[in-house]
Amino acid sequence: MNPFTKKSIEIIKSIPEGTIMTYGQIARAAGSPRGARQVVRILHSMSHVYDLPWHRVINAKGEIAINDDESHFVQVSLLKSEGIEIDEHDRINVSRYRYEWHDTNKIETDFMDLK
DNA sequence: AATTTGACGAAGC
DNA sequence: GGCTTCGCCAAAT
């Protein structure tokens, strides 16, 4: 498994209940600014294997990105059950619920650079 | 080996 | 807000 995949999984697993992240946000946090589609691939193929909170990942517009009607419904239900408000167009206020992930190691590095 | 395919995203009308 | 167009990139075909 490559570093990007590994880190993406780590990040996704860390998303707290009641919050969300976007595909692009995860890709950037994992070190690949243009890797949003790879995040999609990871969620699609590894959610069940690594027990990922896949429903907490949405697109940058605040929409449920998944196409399949059944899974789409499941995702909306799970998010609502965590207290996330979803409007009549199945959209979410991203700025309100976004989880601001930060890399502990990177913060250490930045801190050391100050000296 | 070449082309298509996405649970994407930003930009431009 | 809806709709294109473009850039992206690994996996599937």
Nearest whole Å is fine: how far is [N] [atom2] from [X] [atom1]?
X: A:Tyr23; N: C:dC8; atom1: OH; atom2: P; result: 21 Å
X: A:His44; N: C:dA10; atom1: NE2; atom2: C1'; result: 13 Å
X: A:Ile20; N: B:dA7; atom1: CD1; atom2: C1'; result: 14 Å
X: A:Leu43; N: B:dG6; atom1: CG; atom2: C1'; result: 13 Å
X: A:Ile92; N: B:dA7; atom1: CD1; atom2: P; result: 18 Å
X: A:Met21; N: B:dA7; atom1: CE; atom2: P; result: 20 Å
X: A:Met46; N: C:dA10; atom1: CE; atom2: C1'; result: 11 Å
X: A:Ile42; N: C:dA12; atom1: CD1; atom2: C1'; result: 17 Å

Closest listed nucleotide, where the reference is the side chain of [X] and the choices are [options]:
X: A:Arg28; options: B:dC8, C:dA11, B:dA10; answer: B:dA10
X: A:Gln38; options: B:dG9, B:dC8, C:dA10; answer: C:dA10
X: A:Ala36; options: B:dC8, B:dA10, C:dC9; answer: B:dC8
X: A:Arg41; options: B:dG9, B:dA7, C:dA10; answer: C:dA10

query = Is it the case that A:Glu63 and A:His89 place a side-chain donor and acceptor less than 3.5 Å from each other?
reply = no
task = Would you check if the side chain of A:Thr19 reaches a backbone N or O of A:Pro16 as a donor-acceptor pair within less than 3.5 Å?
result = yes
key: Within-4.5 Å side-chain heavy-atom neighbours: A:Phe4 and A:Ile42   = yes
query = Can a side chain N or O of A:Asn59 be found less than 4.0 Å away from OP1 or OP2 on B:dA7?
reply = no
request  = Look at A:Arg56 and B:dA7 and indicate whether a side-chain polar atom (N or O) is within less than 4.0 Å of OP1 or OP2.
outcome  = no
request  = With P as the reference atom in both, quote the distance from B:dA7 to C:dG7 in angstrom, rounded to an integer.
outcome  = 22 Å
task = State whether the distance check finds a donor on one side and an acceptor on the other, under 3.5 Å, for side chain A:Arg37 versus base B:dC8.
result = yes
query = Are A:Lys80 and A:Glu85 within salt-bridge range, i.e. N to O under 4.0 Å?
reply = no
remark   = Taken to the nearest 0.5 Å, the spacing of A:Tyr23 OH from A:Ile58 CD1 works out to 8.5 Å
